[in-house]
Structure formats: C-alpha cells, structure tokens
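Okay, so here's the structure we're looking at.
The structure displayed is predicted, hence computed values, not measured ones.
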Amino acid sequence: EAQLVESGGGLVQPGGSLRLSCAASGFRFDDYAIGWFRQAPGKEREGVSCIGSSDGRPFYADSVKGRFTISSDNAKKTVYLQMNNLKPEDTAVYYCAGDTGIRSCYSGKYLTYAKYLDVWGQGAQVTVSS
C-alpha cells in the first residue's frame with residue numbers, strides 16, 4: 001500500500017542543477033522521516049540527506065553539504081532534493097525511502113539506517129558529465 005515515486009533525474013554538466021521529487025501515497029506522510037540515498041556502480045549505498053516528519057529539520061552527508069537542499073511539502077506529500085553545483089562524483093541512482101517506525105532523522109544518523117527502511121522508491125538516475 002505504501003509507495004514512494006521518484007522523478008526529476010537526468011543528465012547535466014558539472015556545475016549544473018537538478019531537482020528530484022519523491023511523492024508519497026498509501027500512508028500518513030507526517031509519520032515518516034524521508035531520506036535520500038544513492039548508489040553508484042561498484043560502490044556501497046550512501047546516505048545523502050534526511051528530513052524529519054514533524055519538525056522538518058534537514059540533515060546532509062558531508063559530501064553534499066552546502067550544495068544540496070532537502071525540503072518537504074506536506075500538502076503535496078512530496079519531498080524534494082535540490083542539487084546544485086553538481087560534480088561527476090554525484091553520478092548515481094538516487095532513491096528516497098522511509099519507514100513508519102522512524103519519524104526523526106536522529107541528528108543525521110538516519111543516513112545509516114537504510115537496512116531498517118521498508119518503503120523505497122524505484123530510483124532516479126542522475127548523471128553528471130561533460
């Protein structure tokens with residue numbers, strides 16, 4: 001029943017921008033913290049960003065801090081990831097994820113919680129190349 005659907009991926013040059021969207025359905029949106037994770041070929045899955053369900057506090061991995069911005073629109077049940085000044089090392093498949101048992105980002109520790117999360121989007125390809 002619970003579902004997350006991503007959109008907004010694509011190909012951009014270094015220094016360019018993209019905005020990813022994660023639309024939720026089938027569950028109470030305000031019961032879920034939502035995180036963004038990414039995985040590049042041959043590399044481990046990496047937590048990117050998280051936003052709390054109640055307070056909307058954002059947290060970021062050091063690798064994207066200052067370049068990416070996460071936000072939430074409760075009326076639209078959608079979480080966004082604005083990605084600016086993109087670098088080739090940002091190339092990956094990006095996933096949004098959540099779980100009804102987790103409302104807080106726990107000061108960013110949520111970025112290590114992937115194995116606990118039950119609801120995942122289908123993934124959005126982001127490619128940064130000249």
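Here the closest heavy-atom approach between residue V12 and residue S17 is recorded as CG1-O, 3.8 Å. Taking every heavy atom of both residues into account, G47 and A61 meet most closely at O-CB, 3.4 Å. Nearest heavy atoms, M83 versus L20: CE-CG, 3.7 Å. The minimum heavy-atom distance linking L117 with A97 is given by the pair CD1-CB, 3.7 Å. When all heavy atoms of L4 and A24 are compared, the pair lying nearest together is CD2-CB, 3.6 Å. Between T91 and Q125, the shortest heavy-atom distance links the atoms CG2-NE2, 4.2 Å.
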> W36 and V79: side-chain contact (heavy atoms from CB on, under 4.5 Å), yes or no, with the steps?
Replying inline: CA-CA 9 Å; W36 287 96; V79 170; 3.7 Å; yes
> Should K65 and D62 be marked as a salt bridge (Lys or Arg N to Asp or Glu O under 4.0 Å) after you check the CA-CA gap, both sets of side-chain angles, and the distance that decides it?
Replying inline: CA-CA 5 Å; K65 196 171 298 181; D62 288 342; 3.1 Å; yes
>> Run F68 and L86 through side-chain contact (heavy atoms from CB on, under 4.5 Å) and show every step you take.
In response: CA-CA 9 Å; F68 290 12; L86 283 160; 3.8 Å; yes
>> Using side-chain contact (heavy atoms from CB on, under 4.5 Å), reason through S25 and K77 one step at a time and then give a plain yes or no.
In response: CA-CA 7 Å; S25 63; K77 296 184 177 181; over 6 Å; no
> Taking it one step at a time, do F59 and C105 satisfy side-chain contact (heavy atoms from CB on, under 4.5 Å)?
Replying inline: CA-CA 7 Å; F59 297 90; C105 293; 3.4 Å; yes
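Using a 4.5 Å cut-off between side-chain heavy atoms of Ile, Leu, Val, Met, Phe, Trp and Tyr, with links allowed through other members, Y80 and V64 fall into different hydrophobic clusters. The hydrophobic cluster containing L111 does not contain Y116, counting ILVMFWY residues as joined when their side-chain heavy atoms lie under 4.5 angstrom apart, directly or transitively. V48 is connected to I34 through a chain of hydrophobic side-chain contacts under 4.5 Å among Ile, Leu, Val, Met, Phe, Trp and Tyr, so both are in one cluster.
Here the straight-line distance linking atom CD1 of I102 with atom SG of C50 works out to 9.0 Å at 0.5 Å rounding. Considering CD of E46 and CZ of R38, their distance stands at 4.0 Å, rounded to 0.5 Å. Atom CG of L18 and atom OH of Y94 lie 9.0 Å apart (nearest 0.5 Å).
Under the 4.5 Å side-chain criterion, counting only non-hydrogen atoms from C-beta, P88 is in contact with P14. R103 has its side chain within reach of D31: a pair of non-hydrogen atoms, C-beta onward, lies under 4.5 Å apart.
At distances below 3.5 Å, not a single donor-acceptor pair connects side-chain atoms of S104 with backbone N or O atoms of G52. Checked by atom type and distance alone, the side chain of Y110 pairs as donor or acceptor with a backbone atom of A33 at under 3.5 Å. In this structure, T127 contributes its side chain and L11 its backbone to no donor-acceptor pair below 3.5 Å. In this structure, D99 contributes its side chain and D118 its backbone to a donor-acceptor pair below 3.5 Å. Side chain of E6 to backbone of C96: a donor-acceptor contact under 3.5 angstrom is found. In this structure, Y60 contributes its side chain and I70 its backbone to a donor-acceptor pair below 3.5 Å.
Taking the six-membered ring where the residue is Trp, F29 and F27 present tilted rings, their angle falling between 30° and 60°. Between Y95 and W120, the ring planes are perpendicular. Angles over 60° get that label, and only those under 30° would be called parallel.
For the 3.5 Å distance criterion, the side chains of S63 and E89 fail to qualify, holding no donor opposite an acceptor.
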